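Below is one structure, written out as structure tokens; the observations come after it.
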Amino acid sequence: MPGTDPLETARLVVGEVPDLPFLPELPARGPGADMVGRTAGLLVDLAVDLQPSGWRLVPRPGMDLRRAWDFLARDLDALQEAVDEFTGVLKVQAAGPWTMASEVELPRGDKALADPGAVRDLTASLTEGLRRHLADVRRRVPGARLVVQIDEPSLPRVLAGRVPTASGYGALAAVEANRAGAALSALVDALDAPVLVHCCAADPPIELLRTSGVAGLSLDAALLGERHDEALGEAVEAGLTLVLGVAAGVDSELGSADVLADPARRLWQRLGFPAGDLAATVVLSPGCGLAGASPAYARRALARCREAAARLVEAPEPRALSGRSAGDGRDADDHPRGGPA
């Protein structure tokens, strides 16, 4: 989200998205509030520091990591005050292991992605950090049913071998899909909340994500074409929720609620599922983060997505976000119908 005031933003979120509020991220505050720095602050027994080339693993915490911890603590305080005695679905988010591995550097300077052992350590540290983060949020908002969004914008580059080396003259080796999926699956299994993965790249690895046990996929509707229909259809048949990004992340003409709802309707028609199931399966959202937008536009975008979602409601109660199976203890009761994520 845009801006620098965590309490003002948390109140905006609760007001505009009452069915699915979320813990805002405010990267305009600087290093430590950005996606990578924020997630680095969740790591357990791994420290990072900010170098001219980006975030780097270091032996012990320094000023940059302490700043990230402080930002997160303030954000949680603000959320707790804004939601008060909230009962419902609440979303938290963090960068995923493959995006972190492609962004965070090893002490010697190359990306962590270059070292399989470092990737394993980073994934384990992030998983434990998320477990503790969820426990902290539950203590602060005991009535909330949590959903975890894992942001993996870099996953397609990781799979395609397009992450540059430290020199910039080459690229790190591509990661095999089964290895990438196994890491995500281990993270999903370890968390006691439904997990959805957000990937705003042009070619999200839908099949890999579906088979990793996630409860939902968050994708930019503008980047989805007929070539994705088969994989999306299989995801829907498997019971996954689709979070479709239909509003731009920067100031632009939003169009009417019906205009924003049209991409979801067209996709649903192509997939051939009953029209009455659309609102039970699809959530409407901005296409990506709103940090690059003005506060006024961000407010309008969230409100317009909520209005557009109302156009999708044609019958059944929304499908709950769920994990691998009904018996694994990770079902999220009453996933909100079509609200923004």
Side-chain angles (χ1 to χ4, degrees), residues 4 23 25-76 92-133 148-175 179-180 183-184 186-187 190 197-201 288-289 291-292:
T4 58
L23 175 64
E25 297 178 358
L26 300 173
R29 292 177 295 182
D34 59 294
M35 179 181 70
V36 175
R38 166 72 153 244
T39 303
L42 297 175
L43 298 177
V44 174
D45 295 332
L46 285 180
V48 298
D49 201 17
L50 190 60
Q51 306 293 321
S53 56
W55 292 95
R56 179 177 294 180
L57 293 167
V58 292
R60 60 189 63 85
M63 178 183 65
D64 296 318
L65 187 55
R66 284 192 287 271
R67 184 188 299 116
W69 291 339
D70 182 61
F71 282 147
L72 179 57
R74 293 185 184 187
D75 292 345
L76 288 168
V92 298
Q93 56 278 330
W98 295 108
T99 292
M100 290 295 288
S102 68
E103 295 289 342
V104 175
E105 297 179 346
L106 297 165
R108 65 174 181 269
D110 220 333
K111 302 297 186 184
L113 187 63
D115 183 341
V119 173
R120 286 193 296 272
D121 290 345
L122 189 62
T123 301
S125 175
L126 175 60
T127 300
E128 180 57 27
L130 281 169
R131 287 169 54 86
R132 297 184 185 186
H133 182 48
V148 182
Q149 176 176 308
I150 299 299
D151 293 318
E152 283 284 18
S154 298
L155 181 55
R157 293 194 303 139
V158 168
L159 296 170
R162 297 199 307 267
V163 177
T165 58
S167 68
Y169 292 110
L172 298 175
V175 173
R179 179 182 161 211
L184 287 171
L187 184 148
V197 173
H198 171 74
C199 183
C200 52
C288 204

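Computed from a predicted model, the values in this text were never measured in an experiment. In what follows, residues are counted from 1 in the order of the sequence shown.
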Between Gln93 and Glu25, does the side chain to side chain contact (heavy atoms under 4.5 Å, CB included) criterion hold? Intermediate values first, please. CA-CA 9 Å; Gln93 56 278 330; Glu25 297 178 358; 3.4 Å; yes

Report, one line per pair, each donor and acceptor closer than 3.5 Å where one atom sits in a side chain of residues 59-68; sequence neighbours left out.
residue, atom, partner, partner atom, Å
Asp64, OD1, Arg67, NH1, 3.1
Asp64, OD2, Leu50, N, 3.0

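- When side chains are defined from C-beta on, Asp151 counts as touching Met35, because their heavy atoms get closer than 4.5 Å.
- Contact of the Leu130 side chain with the Val92 side chain is not registered, since no non-hydrogen atoms from C-beta on lie closer than 4.5 Å.
- Each of Val119, Thr127, Thr123, Leu122 was scored for a side-chain contact (heavy atoms from CB on, under 4.5 Å) with Pro97, with one residue passing: Thr123.
- Exactly one residue among Val158, Leu113, Asp115 makes a side-chain contact (heavy atoms from CB on, under 4.5 Å) with Leu172. That residue is Leu113.
- Between atom NE2 of residue His133 and atom OG1 of residue Thr39 there is a gap of 9.0 Å, rounded to the nearest 0.5 Å.
- Closest approach of Ser167 to Gly170, counting heavy atoms only: OG-N, 4.3 Å.
- Thr4 places no side-chain N or O within donor-acceptor distance of the main-chain N or O of Ala28, the cut-off being under 3.5 Å.
- Of all the heavy atoms in Leu155 and Ala180, the pair that sits closest is CD1-CB, 4.3 Å.
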Kindly determine whether Arg29 and Phe71 satisfy side chain to side chain contact (heavy atoms under 4.5 Å, CB included), including the steps that lead there. CA-CA 9 Å; Arg29 292 177 295 182; Phe71 282 147; 3.8 Å; yes

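- Side-chain atoms of Arg179 and Pro116, non-hydrogen and from C-beta on, do get closer than 4.5 Å to each other.
- Considering every non-hydrogen atom in both Ile150 and Ala95, the closest pair reads CG2-C, 4.4 Å.
- The number of heavy atoms from other shown groups lying within 6.0 Å of CZ (Arg120) does not exceed 12.
- Summarising the geometry of Pro107 relative to Leu57, their closest heavy-atom pair is CG-O, 3.6 Å, with the distance given to 0.1 Å.
- Counting all heavy atoms, side chain and backbone alike, Ala160 lies closest to Ala174 at C-CB, 4.0 Å.
- Residues Val36 and Met100 have side chains in contact (heavy-atom distance under 4.5 Å, counting atoms from C-beta outward).
- Leu23 approaches Asp75 most closely through the heavy-atom pair CD1-O, 3.7 Å.
- Every side chain to side chain contact (heavy atoms under 4.5 Å, CB included) that Ala201 has, sequence neighbours left out, goes to Pro156, Cys199.
- Contact of the Asp49 side chain with the Arg56 side chain is not registered, since no non-hydrogen atoms from C-beta on lie closer than 4.5 Å.
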Could you go through the side chain to side chain contact (heavy atoms under 4.5 Å, CB included) check for Val48 and Glu105 one step at a time? CA-CA 9 Å; Val48 298; Glu105 297 179 346; over 6 Å; no

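- The distance from atom NZ of Lys111 to atom CH2 of Trp55, rounded to the nearest 0.5 Å, is 13.0 Å.
- The shortest side-chain heavy-atom distance between Glu103 and Trp98 does not fall under the 4.5 Å cut-off.
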Checking Arg132 against Leu42 for the side chain to side chain contact (heavy atoms under 4.5 Å, CB included) test, could you report, in this order, the C-alpha distance in whole Å, the side-chain angles of both residues, the deciding distance, and whether it holds? CA-CA 8 Å; Arg132 297 184 185 186; Leu42 297 175; over 6 Å; no

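- Within the 4.5 Å cutoff, the side chain of Pro164 has heavy atoms near those of the Arg157 side chain.
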